[in-house]
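Before any comments, here is the structure.
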Amino acid sequence: MADRSDPVVLWLENVRKEDVQIVGGKCANLGELTAKGVRVPPGFAVTAGAFRRFLDETRIGEVIHKTLRNSNGTRDPKLYEEASQEIRKIIESVPMPADIADEVRKAYRELSKKTGSGEVLVAVRSSATGEDLPDASFAGQQDTFLNVKGEEQLVHYVRKCWSSLYTPRAIFYREEKGFPHEKVLISVGIQKMVEAKCSGVVFTLDPVNGDPSKIVIEATWGLGEALVAGHVSPDRFIIDKGTLQIIHKEIVPKKLEHVPNRATGLTVQQEVPLERRNVASLSDHDVVELAKIARDIEDHYGTAQDIEFALEQDSSGDAAYIVQSRPETFWSRMKAPTDGSARHVIDRVMVVQGLPASPGLHAGRAKIISTPQEAGRMMKDKDILVTRMTNPDWVPYMKIAGAIVTDDGGTTCHAAIVSREMGVPCIVGARNATKLLQMGNEYTVDAKAGIVYAGLVEDVLKPAQQAREIPTVIPVTSTKIYVNISLPELAEKVARETRADGVGLLRAEHMMLSVGKHPRLLIEEGGGQKMVNAFAEGIRRVATPFAPRPVVYRCLDFKPDEFLGLPGGEKYERDAGHVGPNPLLGYRGCFRYVKEPDVFRLECRAVKKVREEFKLTNVHVMLPFVRTLEDFRNARKILEEEGLKRGPDFKLWIMVEVPATVLLIDKFVQEGIDGISFGTNDLTMLILGIDRDDASIQEIYDERNLAVLRAMSHVIRVCRDAGVTTSICGQAPSNYPEVVEFLVREGAVSMSVNPDKVIETKQLVAGIEQKLILEGMRKMRETDKDPGVLQPRWPK
Amino acid sequence: MGHRIDVALMVKLSIPDAEVIVTDKDESWVRSRKTKRVRAVADDVMYPSLPIYQGASLIYSLHPPLEIIPAMQALARNVSADLLVVPVADEREAFHRDNWESVVVDGRVVAWKMKVTS
């Protein structure tokens with residue numbers, strides 16, 4: 001029950017952060033900032049006690065809580081909606097107790113006087129008592145009203161703020177977080193409106209990656225509503241928190257701004273005049289000043305903050321007002337436990353993961369260190385050294401470290417090499433280790449798995465039974481084992497780790513996704529060269545680590561529906577009528593290149609660029625889903641026109657995926673191809689008449705079906721006789737060892753498998769090849785061609 | 001995870017109570033695509049910052065390159081989340097193994113799921 005002697009109104013300068021229960025989190029924080037000397041728009045809070053009195057004296061509190069009891073626990077949105085409507089109607093229709101209304105009016109008159117206005121324009125903001133607690137952001141749950149003017153309007157909007165404590169979303173949120181409704185009250189903050197020239201948000205860590213060494217400011221013209229609502233893209237500034245230097249500046253066109261409408265008192269959206277659109281909304285001086293204020297606020301609260309500001313222009317220049325500051329909740333909740341609760345955990349809490357560079361286990365305290373000088377001051381024997389990357393100056397401290405974890409680097413970086421020499425467990429390339437690990441906390445470093453766990457993890461540290469490591473032998477095989485590559489940036493790693501004999505399938509689809517637009521839209525916007533460059537770069541990244549081993553680039557074979565996710569996809573696929581009932585059988589493959597040669601030519605130019613400009617002549621081309629000889633001829637003609645003509649060092653392959661290609665393989669050979677590769681996924685689908693997407697017939701989908709094997713056998717024999725190389729890049733050899741044996745026996749020249757299957761397939765093929773040799777020798781003995789072939793040869 | 005923030009927004013609209021986070025290793029893309037409803041953060045699934053994913057009940061990806069699937073599987077196991085993948089048509093057969101099961105809608109296989117949680 002509220003006491004009538006409790007204050008109805010409190011001026012912000014008299015409020016402190018401890019007063020959350022009286023004025024709510026928002027007002028308490030603003031009061032705290034005001035007291036600290038931060039420039040906050042002047043104002044007052046209508047206390048939560050006033051709201052409590054309103055509920056009690058009008059007896060609507062009982063009605064509200066009864067209504068909520070009926071709705072909660074059901075998780076039915078409709079019931080929340082109904083309860084919300086009912087409650088809000090009651091709050092907004094019942095008059096405010098007279099003495100409370102009088103106090104509010106009186107304070108408003110005083111604020112008007114203080115600010116030198118007849119009737120000052122104010123912002124009326126809700127400030128719930130559960131709001132802005134460190135672990136529960138109630139932000140945006142309740143309403144805010146801007147440009148409110150006059151005593152009666154103010155009283156009206158205070159009640160509207162009160163009722164916004166019961167929006168369906170707010171009711172649901174409280175239930176999710178377990179805040180009892182009756183314990184969460186609402187206060188209302190009333191502040192002078194800032195005539196914002198520009199507004200924005202300051203984060204005292206980088207919201208995109210949680211980097212606490214950065215301050216990020218987003219700003220736009222006018223009031224901050226457009227930015228908060230996500231209607232405009234803001235200018236973005238990244239500032240180094242330590243030096244306050246601007247390290248990144250991104251000024252974007254700002255077409256819209258929100259400004260107050262003097263006549264109506266409301267906020268309107270208007271176009272930004274042309275002369276301001278491309279101008280930075282904050283000067284460098286303002287950016288640095290805001291960053292400094294934000295850093296001070298973070299220091300004051302001891303936790304990362306999310307701060308809203310507005311910049312007002314007065315006679316003395318720009319004045320930055322802080323209109324809200326609240327704890328950043330996303331990254332702060334992700335920090336590893338600091339209270340020691342992670343000790344002796346059974347469930348391992350993993351904090352970071354990286355590349356295992358020097359095997360071993362170690363548990364100790366983390367020291368997050370930027371320079372060798374810092375290391376000299378802070379490193380103690382057996383500490384875990386956590387840094388971005390080491391260099392020779394670090395060696396003395398690496399020697400005393402129990403383990404080393406670095407953000408950057410690969411397995412051949414300085415930290416990796418030196419730690420291996422020293423026998424110190426080391427994880428490199430852990431990306432965010434310096435951010436996510438905390439100074440002085442205990443961690444367990446498992447450098448064999450490349451994982452850092454929070455606390456001391458006993459079952460990790462327990463001496464494991466020494467398993468005998470069997471070295472992996474990668475045999476040399478007569479049948480070439482190629483690898484399928486989708487992601488160019490991993491090609492170097494794949495080449496190094498698998499020692500594949502080449503790339504039997506370089507997919508173009510993920511390069512297209514990286515370009516991020518439908519190719520036709522790119523062409524329409526004049527950005528065709530962007531696609532050429534992106535594809536060339538992707539192909540180069542694969543061809544370089546594999547050179548001189550062959551790389552077979554398969555031209556783009558997205559199905560029409562797979563383009564839909566790209567901007568322009570709807571227009572150029574669905575609206576163009578390309579997305580049929582079964583895209584796998586639709587507008588795709590070689591047919592598409594002939595229909596849209598301008599797109600295909602971009603791919604050709606990318607390949608040519610790699611071969612001619614980058615001198616990577618190990619790149620060859622494979623045409624997918626070839627249905628007819630005519631399509632093949634037309635596509636080949638385009639290739640030739642673009643300078644990709646078959647020759648001793650440029651090979652043209654086709655994929656054999658369609659039964660027609662199987663049946664006409666001799667004709668294709670005569671037309672002129674250098675190689676074929678089975679696409680067993682589609683070939684199986686088409687030979688067996690199975691829709692690959694139809695769940696009801698999946699059980700008979702099997703690449704090992706005799707009909708599929710016979711088709712492959714026929715093609716291999718025809719190609720072998722004609723000297724055309726044969727390969728496979730479908731999933732069959734990756735999934736079924738018996739298919740591998742079949743292909744080796746039939747005489748396939750190569751097979752291309754997923755990266756994780758290369759070594760296994762090489763070992764398998766080596767065994768099969770040895771078996772074939774043995775079988776051949778036995779057969780020779782049986783046929784008496786060379787009876788001594790298996791006889792031991794004794795020295796004479 | 002990946003570039004499809006439009007899909008994440010649709011997920012958020014369909015399940016408003018869910019917290020949806022989009023991750024992509026391309027930091028500049030993430031910065032340019034931040035939305036109010038769905039949080040986008042920069043992270044590389046090959047070397048994930050595990051706290052971002054801890055507590056997730058589902059990790060999903062549309063058209064991920066096959067090479068990153070093992071990393072996604074390891075991540076899902078690490079944080080005990082289910083994993084849902086919509087592969088490109090050409091790579092679907094790679095999911096005909098291990099502990100993947102197809103997700104069928106109206107009789108069509110639309111995705112593949114690896115169930116980690118019990």
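Protein chains get the first letters and strands the later ones, always in sequence-line order, with residue 1 at the start of each.
- With a 4.5 Å cut-off on side-chain heavy atoms, B:R39 and A:P207 count as touching.
- Residues A:Q698 and B:S102 bring no donor and acceptor atom of their side chains to less than 3.5 Å of each other.
- The part of B:P64 that comes within reach of chain A is its backbone (N, CA, C, O), which places non-hydrogen atoms under 4.5 angstrom from that chain.
- In this structure, chain B has no heavy atom under 4.5 Å from any part of A:I427.
- B:E67 places no side-chain N or O within 3.5 Å of a backbone atom of A:P488 that could act as its donor or acceptor partner.
- Contact of A:R554 with chain B is made through the side chain alone, with heavy-atom distances under 4.5 Å.
- Annotation: maximal heavy-atom pairing with chain A below 4.5 Å, among B:V110, B:D90, B:V41, B:D6, occurs at B:D90.
- For the pair B:R108 and A:N582, the minimum side-chain heavy-atom distance is below 4.5 Å.
- For the pair B:E93 (side chain) and A:N681 (backbone), a donor-acceptor distance under 3.5 Å is absent.
- Contact tally against chain B (heavy-atom pairs below 4.5 Å) for A:E703, A:R692, A:K559, A:H510: the top residue is A:H510.
- Ranked by heavy-atom pairs shorter than 4.5 Å toward chain A, the options B:V88, B:V86, B:V104 are led by B:V88.
- Distance alone, capped at 3.5 Å, is enough to place a donor-acceptor pair between the A:E562 side chain and the B:A89 backbone.
- Remark: A:S696 engages A:D694 in a side chain to side chain donor-acceptor pair (under 3.5 Å) (not counting sequence neighbours).
- Using a 4.5 Å cut-off between heavy atoms, A:D691 touches chain B through its side chain atoms alone.
- Contact of A:D557 with chain B is not made at all, since no heavy-atom distance falls under 4.5 Å.
- Nearest heavy atoms, A:Q353 versus B:P48: OE1-CG, 3.6 Å.
- Looking at A:L505, only its side chain comes within 4.5 Å of chain B, counting heavy atoms on both sides.
- Interface remark: of the candidates B:D43, B:L66, B:D106, B:L66 forms the most heavy-atom pairs closer than 4.5 Å to chain A.
- Using a 4.5 Å heavy-atom cutoff, the side chains of B:Y47 and A:L355 are in contact.
- The only member of A:L436, A:V352, A:N209 that meets side chain to side chain contact (heavy atoms under 4.5 Å, CB included) when paired with B:S49 is A:L436.
- Listed by chain and number, the residues in a side chain to side chain donor-acceptor pair (under 3.5 Å) with B:R92 are A:D693 (sequence neighbours excluded).
- For a residue to count as touching a neighbouring chain, one of its non-hydrogen atoms must lie under 4.5 Å from one of that chain's; by this rule A:E657 does not touch chain B.
- Here CG of A:N754 is found 10.0 Å from CD1 of B:I69. Values are rounded to the nearest 0.5 Å.
- For the pair B:M46 and A:L490, the minimum side-chain heavy-atom distance is below 4.5 Å.
- Atom CE of A:M350 and atom CG of B:L50 lie 6.0 Å apart (nearest 0.5 Å).
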